[in-house]
Amino acid sequence: MTVVDTTPAAALREATIPPDGMYEGTRVLRRLPEEWEERPYERFEVAPLGRVIGAEIRGLDLSLPLEPALREELNRALLEWKVIFFRGQHLTPEQQRGFARHWGELETNPLLAAGSSEDVVRFDKGSGATPTFENIWHTDVTFRARPALGAVLQLREVPPVGGDTMWADMAAAYDNLPAEVKERIDGATAVHDFIPGFARFYEPERLAPFQEVFPPVEHPVVRTHPETGRRMLFVNTSFTTRITGMEREESDRLLSFLCRQAHVPEYQVRFHWQPGDIAFWDNRATQHYAVNDYAPYPRVAERVAIEGDRPF
C-alpha cells in the first residue's frame, strides 16, 4: 500500500539579501559586437586567455617597424580582445613610446613619477619612492575631459611571486545589468574627479595646485565605444564621485552597485608577468586592477598612455 504524504509543504522563513545585490546564474558572455565580421589574423598568432577579454599575441617583434597593415590588424585584435599581451619584448622606453604612438599622441601625467621622458610613467615599487596604489578596479584618468584611449605597460622587474594584473570587460558588465538598472542609467552622466584616487597617497599640499588643471568633469555613465559601437559601463571607484541629478544616498548606492560589476570573474582576465612582457589595453572598454601581493619584493613597470577622445 502506498502512503501519500498530504502534509502541506513547509513555508520558507523570510530571508532576503540587500537590494542591488549580486546574483548567481547564467551570464551573457558576448566578446564581439553584434554583426561584427570576425576574420582570421594573417600576420600573427592569437592565443585567447579569457572567454571575453584578453589574448596573447605571438610571432611579433615590437622593436621592428610597424607597417600600416600590421598596425591595422593589431588594432582589430585590440578591439576584439580589449587587452593584448606580448611576451619577452624588452623594449627600450623609446621603442615603447614609438609603438604606442601608432595609436595617437602620447599623454603626460604630472601626478605620477616620470621615467626617461615626461610621457613615460614609472611605477617603481620598493625603491623608496612615494607609493601609489593601483589595487582597485579603475579606468585610467577618467578625471580628464578626454580620458586615455589606451596604455602600453611593460614590466622591467618582476617579483618572484605575485604582482599579476587583472582586466575586466565593461561591455560584458553592461550587457548583464538588470533591465531596470539599464533604464535608470540610460542618458545619465556622472562626475569624475582626480582627488579621491590620489588623496589616498598624496598630501593635500601636493594635490592642491592641480585642482585648476584638472577640474571635475562629467562623462556618460554608459559610454559608446567610438570604433565598435558597443555600450560600456564608464564609472569607477577611483574617480567617479556621484551621478548627476541624484540625491547623494541614491547616487552612492547605485554607483556602488555599478562599480561592483567589474568584480565578476566571468568578465575578467588575469595576467602573470615575466620581465619584458607588454600589455596593451583599450582604456575605453576596460577596468584594471594591479594585484599588490608581492611585498617586500620590488616590481618595476613603465607605462605609456595614448590620448583619447571625449566620451559619448
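For the single chain, residues carry numbers from 1 onward in sequence order. All values derive from a computational prediction rather than experimental measurement.
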> Heavy atoms, side chains only, cut-off 4.5 Å: are F214 and L207 in contact?
Replying inline: no
> Just one of R146, R303, R144 clears the salt bridge (charged side-chain N to carboxylate O under 4.0 Å, His left out) bar with E107, so which one?
Replying inline: R144
> Side chain of H138, backbone of I136: donor and acceptor closer than 3.5 Å?
Replying inline: yes
> Would you say the side-chain atoms of K125 pair up with the backbone N or O of P296, donor to acceptor, closer than 3.5 Å?
Replying inline: no
> Judged by atom type as modelled, is there a donor-acceptor pair below 3.5 Å linking the side chain of T240 to the main-chain atoms of N236?
Replying inline: yes
>> Give me the atom names and distance for the closest heavy-atom approach of Y267 to A173.
In response: CE1-CA, 3.7 Å
>> For the backbone of L177 and the side chain of Q261, can you confirm whether one donor and one acceptor N or O come within less than 3.5 Å of each other?
In response: no
> Roughly how far apart are L258 CG and R253 CZ, rounded to 0.5 Å?
Replying inline: 12.0 Å
> Side-chain heavy atoms under 4.5 angstrom apart, residues restricted to Ile, Leu, Val, Met, Phe, Trp, Tyr: same cluster for V158 and L153?
Replying inline: yes
> How about F85 and F280: are their ring centres within less than 6.0 Å of each other?
Replying inline: no
> Which atom pair, heavy atoms only, marks the closest approach of D293 to G162?
Replying inline: OD1-CA, 3.2 Å
> D175 and side chain to side chain donor-acceptor pair (under 3.5 Å): which partner among K182, R230, R27?
Replying inline: R230
> Hey, does V120 have a side-chain heavy atom less than 4.5 Å from the side chain of L106?
Replying inline: no
>> Is there a side-chain contact (heavy atoms from CB on, under 4.5 Å) between D119 and R97? Walk through the geometry before answering.
In response: CA-CA 8 Å; D119 50 18; R97 294 168 66 239; 2.8 Å; yes
>> Looking at E94 and R101, is there a salt bridge between them, counting it only when a charged N and a carboxylate O are closer than 4.0 Å?
In response: no
>> Using the rule given for salt bridge (charged side-chain N to carboxylate O under 4.0 Å, His left out), can you reason through E266 versus R51, listing the C-alpha separation, both sets of side-chain angles and the distance that settles it, and then say yes or no?
In response: CA-CA 8 Å; E266 286 93 335; R51 171 70 184 273; over 6 Å; no
>> Students often mix this up, so state it plainly: with edges at 30° and 60°, are the rings of F210 and F194 parallel, tilted or perpendicular?
In response: perpendicular
>> Measuring from atom CD1 of I278 to atom CD1 of I84, what distance do you get when rounded to the nearest 0.5 angstrom?
In response: 10.5 Å
>> Using a strict threshold of under 4.0 Å (side-chain N to carboxylate O), is an ion pair present between E250 and R248?
In response: no
> Is there a path from L66 to F86 through hydrophobic residues (I, L, V, M, F, W, Y) whose side chains come within less than 4.5 Å of each other?
Replying inline: yes
>> With a 6.0 Å cut-off (strictly less than), is the heavy-atom count around CD of E249, excluding the residue itself, greater than 12?
In response: no
> Going through the distances and angles, do R223 and D309 end up as a salt bridge (charged side-chain N to carboxylate O under 4.0 Å, His left out)?
Replying inline: CA-CA 12 Å; R223 177 178 184 171; D309 56 358; 2.7 Å; yes
> Out of curiosity, does F239 fall in the hydrophobic cluster containing V217 (side-chain heavy atoms, cut-off under 4.5 Å, transitive links)?
Replying inline: no
>> Before you tell me yes or no, could you show the steps for I243 and V235 under side-chain contact (heavy atoms from CB on, under 4.5 Å), namely the whole-Å CA-CA distance, both residues' side-chain angles and the distance that decides it to 0.1 Å?
In response: CA-CA 9 Å; I243 297 178; V235 294; 5.7 Å; no
>> Can a donor-acceptor pair be found, under 3.5 Å and without considering hydrogens, that links the side chain of N135 to the backbone of V291?
In response: no
>> Any non-hydrogen side-chain atom of H90 less than 4.5 Å from a side-chain atom of Q95?
In response: no
>> Does the Lys NZ or Arg CZ of R206 fall within the cation-pi geometry relative to Y202 - under 6.0 Å from the ring centre and within 45° of the axis?
In response: yes
> Between atom CG of D282 and atom CE of M232, what is the distance when rounded to the nearest 0.5 Å?
Replying inline: 7.0 Å
>> Tell me whether T241 contacts the main-chain N or O of H192 through its side chain, where contact means a donor paired with an acceptor under 3.5 Å.
In response: no
> Do T244 side-chain atoms and T189 backbone N/O form a donor-acceptor pair below 3.5 Å?
Replying inline: yes
>> Less than 6.0 angstrom from the centroid, inside 45 degrees of the normal: does R71 satisfy that with respect to the ring of W103?
In response: yes
>> Using a 6.0 Å distance limit plus a 45 degree cone around the ring axis, check whether R76 lies over the aromatic ring of Y41.
In response: yes
> Is a donor on one side and an acceptor on the other found under 3.5 Å between the side chain of Q89 and the backbone of L60?
Replying inline: yes
> Among the clusters formed by ILVMFWY side chains lying less than 4.5 Å apart, do V181 and W137 turn up in the same one?
Replying inline: no
> Quick one: CD on Q287 to CG on D140, what's the gap to the nearest 0.5 Å?
Replying inline: 10.0 Å
> So, does D277 use its side chain to make a donor-acceptor pair with the main chain of Q274 at under 3.5 Å?
Replying inline: yes
> What class does the angle between the rings of W281 and W167 fall in, given that below 30° is parallel, 30 to 60° is tilted and above 60° is perpendicular?
Replying inline: tilted
>> Are V152 and L91 packed together at the side-chain level, in the sense that at least one heavy-atom pair is separated by less than 4.5 angstrom?
In response: no
> Does the salt bridge (charged side-chain N to carboxylate O under 4.0 Å, His left out) test come out yes or no for R31 and E38, once each step is laid out?
Replying inline: CA-CA 11 Å; R31 182 172 62 85; E38 191 169 12; 2.5 Å; yes
> Side-chain contact, heavy-atom cut-off 4.5 Å: R58 with F44?
Replying inline: no
>> Run the side-chain contact (heavy atoms from CB on, under 4.5 Å) test on L49 and F271 for me, step by step, so that the C-alpha distance in whole Å, both residues' side-chain angles and the decisive distance to 0.1 Å come before the verdict.
In response: CA-CA 9 Å; L49 300 182; F271 188 67; 4.1 Å; yes
> Looking only at heavy atoms, what is the nearest atom pair of I53 and D169, with distance?
Replying inline: CD1-N, 3.7 Å
> Which heavy atom in S238 sits nearest to a heavy atom in P196, and how many Å separate them?
Replying inline: O-CB, 3.5 Å
>> Surrounding CD of E227 (heavy atoms of other residues, nucleotides or ligands, distance under 6.0 Å), is the total greater than 12?
In response: yes
> Cut-off 3.5 Å, side chains only: do R231 and Y174 have a donor facing an acceptor?
Replying inline: yes
>> Do R284 and P226 have side chains that approach each other closer than 4.5 Å (heavy atoms only, starting at C-beta)?
In response: yes
>> Testing the basics here: between W36 and E80, what is the closest heavy-atom pair and its distance to 0.1 Å?
In response: NE1-OE2, 2.6 Å
> If every non-hydrogen atom of A55 is compared with every non-hydrogen atom of V46, which pair is closest and at what distance?
Replying inline: CB-CG1, 3.7 Å
> Are more than 12 heavy atoms from other residues, nucleotides or ligands located less than 6.0 Å from atom OH of Y297?
Replying inline: no
>> Could you check whether any side-chain heavy atom of L254 comes within less than 4.5 Å of a side-chain heavy atom of R184, counting everything from C-beta outward?
In response: yes
> Could you walk me through whether L112 and F198 pass the side-chain contact (heavy atoms from CB on, under 4.5 Å) check?
Replying inline: CA-CA 10 Å; L112 296 172; F198 286 93; 3.8 Å; yes
> Cluster question for you: counting only ILVMFWY and a side-chain heavy-atom cut-off of under 4.5 Å, with indirect links fine, are I195 and V191 together?
Replying inline: no
> Is the CZ atom of R310 crowded by more than 12 outside heavy atoms at less than 6.0 Å?
Replying inline: no
> Do N283 and T139 have side-chain atoms, one donor and one acceptor, less than 3.5 Å apart?
Replying inline: no
> Does the E302 side chain pair with the main chain of R156, one donor and one acceptor, at a distance under 3.5 Å?
Replying inline: no
>> Quick one, F234 with H219, criterion ring-ring contact (aromatic ring centres under 6.0 Å, His included). Give me CA distance, side-chain angles, the key distance, then yes/no.
In response: CA-CA 8 Å; F234 200 65; H219 296 309; 5.8 Å; yes
> Should the pair E56-R87 be classified as a salt bridge under the 4.0 Å nitrogen-to-oxygen rule?
Replying inline: yes
